[in-house]
Structures are given as structure tokens and as C-alpha cells.
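Numbering of residues begins at 1 and proceeds along the displayed sequence. Computed from a predicted structure; not experimentally measured.
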Amino acid sequence: SELVTLTAIIGSVVAFDSWNGTAEKSAFGPWGDSAYEFVNTKWYALAHGESYWNVFGIWLAAFTAVVYYVIGGLTAFVDLTGFPSFFKYYRVQDKNEKTTSPEKFKHMLWQTGFNILVVGPSISLLYVPLVEWRGNAIDADIPTFATFMQHLYVYVLVEEVMFFYAHWALHHKSLYGWIHKKHHEWKQPIGMVAIYAHPIEHLLSNVIPVLTGPFLMKSHAIFYFIWTFIVLQNTIVSHSGYHFPMVGNPEFHDYHHLKFNENFGLLGVLDYVHGTNKKYLNSVQGKFRHRTLFLQPVRISYPLTRGKQE
């Protein structure tokens, strides 16, 4: 699973740094001290003397918007134009027509624009003072690579727990109709649908689970930007509807959009615990739940599965 892989990577990095005696001196571990000095110097020149409002408010909000619209925009181009045509063989849900229409896409843009340009920055009004009170470093030396990997492990676990239970709760009949149903308008999602949600859901499921881990770990500001990129890239891929090699696997969450009542988490750990992935594990999509390293689409490699999604 993704969690086992992450645990192995982090354990290896931390063990190597400890064995090498460089945990406090080493920089970005595998990239060497020279790379660390370069990044550290550039970051200090950029962030020195900047206020918490600038770094955690304006900069982080702007960075979030740029990453979302660049990566999401690339996937949207494919969905709207059907170009390049061979990408259709990487689709998770087997349909020949384009996955969206200009009208539906425009409606989605209004809601996602509101969430990323209004809801997100508005949360900063509360979150930035908390970060300043917490004392998260801005222009101090960037911590070691091993430290980042340790923090990342906590981020992932915190996000998994908070997202799973918030998401599961939003599927309750008393909340689903007026909050979460909006996100499920897309039974065949596209990348930019990642944050197409009611503002309350965006707050509970998308923002708070992501920001809580770095806050608890009192993480350096640059970790926020790295973590934000990781989260956005992953959620856009998870909603993209395309199973490309090496960049992630959307099968898990795509099945949730298809069936609604399975796969509420991100890693799948709590879905195992609560038994909310049983149908998925026995489905055609579940057979492709691991990342692929091969360029050939999995649904070409296994042609008998095409058209038999459950």
C-alpha cells in the first residue's frame, strides 16, 4: 500500500542519515550539501524579514492557485479537446465521448474559483495568527531532508484520519444532500473537480486536514509549500480519470465517484479498518489499484477488463 511504501522510504532515509552521522548537518540527503546551500540561501533571501501574513497568507494562497490551475489546466485541456487522442486508452472509466462539456466545465470553474480564491484566503484570517502564535519558522535554516520526511509521515497520517471521517460524515443523509452532493455531480470526474465542492466541504475536507499536520509539527514555512504541491498534484491525479504511469493511481477515488459508498479515505487504511472497500477490492478497478511503471495502458494490457467496470 501507499502507507507501507512511504514508511519504507522514510525509514530508509532516517536510518541512512543516522548511520552516516549527518542527520544534523546533511541537507536534502540524496541531493547533497551544495544543493541544500543553494536552496537555503535563495529561500533566506526571499523570505528574510517577511511577515507571517505575507508567507502563510498571500504567498501560500497564490502558490496554491498557480499549482492548481497549471496542473488542473493541463488535464482540463485533454478533457475539453480530446487531444492527444491516444490518452483515451488511459481512461479509468471506459467511455468514448469527451468526459465533460464546455457548459459543465464553466459551472465547475465558478465554484472552484470561489473556493480557491475566496474560501482559502479567508481561512488565512484565522490560520495565520495561529501559525504565528505556534512559532513556525520562516527564514531560519531549512531543516534536513530526514526531518522533512519525518514531518511528511505525520502530515499523511493526519490528513488520512481527518479526511476520512469528515468525508464519511458528509455522506450521512442529513449532510449529503445540501453539502457533499455537489462534488458528486461528477460521476466521471476530471482533474479540476478536485476542489469542486460546497465551501463547507472545502473547509472540512480539503483545507483543515492539509494544514493541521504542518501546524502540529511546527514545520518550517518551506515545508508548507512542498506539502501543498504534493497534495494538489495527488488530488488532481486522483480525480483526473486517467491512469498514467508513475504519476499516481486514480482507480481508488474514481471508484468512489462511480459507486458513492466505498473508498472514503486517501490511502485506503481506514477503509480497510471500517470495511468500506470490500466491493472495490473485488472489482475490476481494484485489480489496478497499484501504481504502474509501464507506458502501456493497463486496460490495453488486460483487454478483457474493458467495458466490464463494476
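Residues passing the ring pair (Phe, Tyr, Trp, His ring centres under 6.0 Å) test with Phe56, sequence neighbours excluded: Tyr52, Tyr224. The side-chain contact (heavy atoms from CB on, under 4.5 Å) search around Leu109 returns Phe105, Thr112, Met192, not counting sequence neighbours. Under the ring pair (Phe, Tyr, Trp, His ring centres under 6.0 Å) criterion, Phe63 pairs with Phe225, not counting sequence neighbours.
The main-chain N or O of Pro129 is never found under 3.5 Å from a side-chain atom of Trp53 such that the two would form a donor-acceptor pair. Proximity of a side-chain donor or acceptor of Glu50 to a complementary backbone N or O of Ile138 within less than 3.5 Å is not detected. His184 places no side-chain N or O within donor-acceptor distance of the main-chain N or O of Phe260, the cut-off being under 3.5 Å. At distances below 3.5 Å, not a single donor-acceptor pair connects side-chain atoms of Asp271 with backbone N or O atoms of Asn277. Distance alone, capped at 3.5 Å, is enough to place a donor-acceptor pair between the Arg134 side chain and the Leu216 backbone. In this structure, Gln111 contributes its side chain and Ala197 its backbone to a donor-acceptor pair below 3.5 Å. A donor-acceptor contact shorter than 3.5 Å is absent between the side chain of Gln285 and the backbone of Tyr255. Without hydrogens or angle criteria, Glu262 side chain to Leu281 main chain gives no donor-acceptor distance under 3.5 Å. Within the 3.5 Å criterion, the main-chain N or O of Glu185 finds no donor-acceptor partner in the side chain of Tyr196.
The distance from atom CD1 of Ile116 to atom OH of Tyr68, rounded to the nearest 0.5 Å, is 6.5 Å. Annotation: the span from Leu211 atom CG to Leu60 atom CG amounts to 7.0 Å, rounded to 0.5 Å. Distance CG/Asn115 to CD/Glu201: 9.0 Å, rounded to 0.5 Å. Here the straight-line distance linking atom CG of Leu204 with atom CG of Leu175 works out to 9.0 Å at 0.5 Å rounding. For the atom pair Phe145 CZ and Leu152 CG, the distance stands at 9.0 Å (nearest 0.5 Å). Atoms CD1 and OH, from Ile222 and Tyr44 in turn, are 15.0 Å apart once rounded to the nearest 0.5 Å.
Within 6.0 Å of atom NZ in Lys182, more than 12 heavy atoms from other residues, nucleotides or ligands are found, so the atom counts as buried in its surroundings. The 12-atom threshold is not exceeded at CZ of Phe229, counting heavy atoms of other residues, nucleotides or ligands nearer than 6.0 Å. Enclosure of atom CZ in Phe86 by more than 12 non-hydrogen atoms of other residues, nucleotides or ligands within 6.0 angstrom is indicated.
Taking the centre of each ring, His239 and Trp186 stay at or above the 6.0 Å mark. Aromatic ring centres of Tyr90 and Tyr242 lie farther apart than the 6.0 Å criterion allows.
Contact detail for Asn206 and Val210: the closest heavy-atom pair is O-CG2, 3.1 Å. Among all heavy-atom pairs drawn from Ser124 and Gly57, the shortest one is OG-CA, 4.1 Å. Annotation for Trp168 and Thr276: closest pair CZ2-CG2, 4.3 Å, computed over non-hydrogen atoms. The nearest pair of heavy atoms linking His253 to Ser238 is CB-O, 4.0 Å. Of all heavy-atom pairs between Lys187 and Leu258, the closest is CE-O, 3.2 Å. Across all non-hydrogen atoms, the minimal contact from Gly275 to Lys278 is O-CG, 3.7 Å.
In this model, a donor atom of one side chain and an acceptor atom of the other lie less than 3.5 Å apart for Asn40 and Asp141. His257 and His183 share a donor-acceptor pair across their side chains, judged by distance under 3.5 Å alone.
For the pair Met217/Tyr153, no side-chain contact is recorded, criterion being any heavy-atom separation below 4.5 Å from C-beta on.
Leu270 and Tyr280 end up in different hydrophobic clusters when Ile, Leu, Val, Met, Phe, Trp and Tyr side chains are linked at under 4.5 Å. In this structure, Leu232 is not a member of the same hydrophobic cluster as Leu74, with clusters built from ILVMFWY side-chain heavy atoms closer than 4.5 Å. Leu46 and Phe38 fall within a single hydrophobic cluster, where Ile, Leu, Val, Met, Phe, Trp and Tyr are joined by side-chain heavy atoms under 4.5 Å apart, directly or via other members. With hydrophobic clusters built from ILVMFWY side chains whose heavy atoms lie under 4.5 angstrom apart, Ile71 shares a cluster with Tyr69. At a threshold of 4.5 Å between side-chain heavy atoms, the hydrophobic network of Ile, Leu, Val, Met, Phe, Trp and Tyr places Val193 and Phe77 in two separate groups.
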Would you sort out whether Ile190 and Met108 count as a side-chain contact (heavy atoms from CB on, under 4.5 Å), showing the intermediate values?
CA-CA 10 Å; Ile190 63 174; Met108 180 270 297; 4.0 Å; yes

Can you list the steps and then say if Val207 with His202 is a side-chain contact (heavy atoms from CB on, under 4.5 Å)?
CA-CA 6 Å; Val207 178; His202 185 58; 3.7 Å; yes

side-chain contact (heavy atoms from CB on, under 4.5 Å) assessment of Phe87 paired with Thr75
CA-CA 11 Å; Phe87 274 19; Thr75 65; over 6 Å; no

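Using cut-offs of 30° and 60° for the angle between ring planes, the Tyr176 and His180 rings count as perpendicular. Note: Tyr155 and Trp227 have tilted aromatic rings, judged against thresholds of 30 and 60 degrees for the angle between ring planes. Between Phe223 and Phe148, the angle of the ring planes goes over 60°, which puts this pair in the perpendicular group of the 30/60° scheme. Relative orientation of the Phe264 and His256 rings is perpendicular, given thresholds of 30° and 60° on the angle between their planes.
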